[in-house]
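Nothing fancy with the numbering, it's 1 onward along the sequence.
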Amino acid sequence: MKITSDRLKWLMASRCDNLIAVELDTPNLIKFRYNCHPLSTFKLKASDLLEASFCLSPEVDDNHWHSKLMTFLANFNHSKAIELSCHCDRVIVIPKDLRENFLPPLCGTNILQVNLQNQSKYSVVDIIDSMLWISPHLGTLSFITRAPGLKTLKFIYEDASDNDEKPCCASLPWKCWRHMLKKVKLQNFTYIEQQELRNYFFANADISEMVVIPPDYSL
């Protein structure tokens, strides 16, 4: 599929099975939905305001799949927002040994939403840890599971000076979230999940505060 258009703003590719390659020269594209299997090879030119939505259904959840997923997502690195829908948590939790050989694919994306049909293998902390690796400078992360309500985290950062640069991110084109994150806001998490997340963030980041926002209030 090859499309060249400076007028195209919305595109949906659905059930185009065995779609090998997609090339979009669409500088004003702001909405894109993709539900095709397996993942295609992409070349993309789109607006920085692009909001992309993907339905992920791998035949096998293994390192080969996760490698293809990261290559695929990297094409949408500077998108405004990404939504990932998948049948189980194994699809989106990237193995830690594999992370050592890849760069985070969405280091320029600020908003990420995950829709999970089945959370059976990994905890909320595992899922969030993977999402923060995939997109290491998130502003907002939200996800839906079978439990009612949209669970949301909002991250507040503090700019670090070059003099404060840490060895772990000295060679990277972005600052490490672990050293820049100062505050986390949570909404719609269970009490147990709140405790697990508190332990995770205070152990892995230099945060000063974690705030639980009531369901009826805006983040």
Side-chain angles (χ1 to χ4, degrees), residues 31-35 37 39 50-58 61 65-66 68-70 72-74 76-96 98-99 102 104-157 177-178 181 183-205 207 210-219:
K31 295 280 188 181
F32 178 58
R33 299 187 65 182
Y34 179 92
N35 182 12
H37 315 291
L39 296 176
L50 178 66
E51 298 180 10
S53 175
F54 307 115
C55 182
L56 308 175
S57 297
D61 305 330
W65 154 255
H66 287 117
K68 289 184 64 176
L69 174 62
M70 287 183 283
F72 177 85
L73 290 178
F76 301 87
N77 180 33
H78 296 291
S79 300
K80 176 184 176 182
I82 297 290
E83 180 181 0
L84 303 175
S85 299
C86 47
H87 67 279
C88 69
D89 49 14
R90 297 191 307 274
V91 173
I92 46 118
V93 176
I94 309 300
K96 291 187 177 181
L98 198 61
R99 300 179 197 180
F102 287 87
L106 296 176
C107 59
T109 299
N110 187 254
I111 301 171
L112 187 59
Q113 178 173 321
V114 177
N115 304 325
L116 280 176
Q117 297 179 21
N118 185 15
Q119 184 185 341
S120 59
K121 183 175 181 180
Y122 293 101
S123 68
V124 165
V125 169
D126 293 327
I127 296 171
I128 292 174
D129 180 70
S130 181
M131 294 301 101
L132 282 171
W133 180 84
I134 288 175
S135 186
H137 204 192
L138 275 175
T140 303
L141 170 62
S142 58
F143 58 94
I144 300 174
T145 62
R146 289 185 176 181
L150 180 69
K151 299 180 179 183
T152 305
L153 301 97
K154 186 174 181 63
F155 304 103
I156 299 172
Y157 301 90
W177 68 267
R178 298 175 185 272
L181 184 62
K183 186 175 180 179
V184 180
K185 295 182 179 180
L186 307 179
Q187 191 171 56
N188 284 338
F189 289 90
T190 66
Y191 178 78
I192 293 177
E193 289 172 342
Q194 292 173 24
Q195 296 304 308
E196 292 175 343
L197 289 170
R198 181 179 296 276
N199 293 338
Y200 170 76
F201 283 116
F202 276 95
N204 290 277
I207 70 169
M210 194 179 85
V211 180
V212 177
I213 306 298
D216 296 334
Y217 287 76
S218 173
L219 281 175

Check: [Y] main-chain N/O paired with [X] side-chain donor or acceptor under 3.5 Å:
X      : Y      : result
Asn77  : Ala74  : no
Gln194 : Phe189 : yes
Thr190 : Glu193 : yes
Asn110 : Leu138 : no
Asn118 : His87  : no
Arg33  : Phe54  : no
Trp65  : Val91  : yes
Thr140 : Lys154 : no
Asp89  : Tyr122 : yes
Ser85  : Asn115 : no

*Decide yes or no on side chain to side chain contact (heavy atoms under 4.5 Å, CB included) for His78 and Thr109, but give the supporting numbers first.*
CA-CA 6 Å; His78 296 291; Thr109 299; over 6 Å; no
_Those residues that, when tested against Tyr200, pass ring pair (Phe, Tyr, Trp, His ring centres under 6.0 Å) (two or more places apart)_ = none
*Atom CG of Leu73 and atom CG of Leu106: how far apart are they, to the nearest 0.5 Å?*
5.0 Å
_Using 0.5 Å steps for rounding, measure from the CD atom of Gln117 to the SG atom of Cys88._
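Reported value, rounded in 0.5 Å steps: 9.0 Å.
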_Within the structure provided, determine whether Asn199 and Val125 are in side-chain contact (heavy-atom separation under 4.5 Å)._
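Side-chain contact under 4.5 Å: no.
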*pair Leu186-Met210: side-chain heavy atoms closer than 4.5 Å*: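 Of all side-chain heavy-atom pairs linking Met210 with Leu186, at least one is under 4.5 Å.
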*Using 4.0 Å as the upper bound for N to carboxylate O, is an ion pair formed by Arg99 and Asp129?*
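A salt bridge links Asp129 with Arg99.
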_I want to know whether Phe76 and Tyr34 have ring centres closer than 6.0 Å._
no
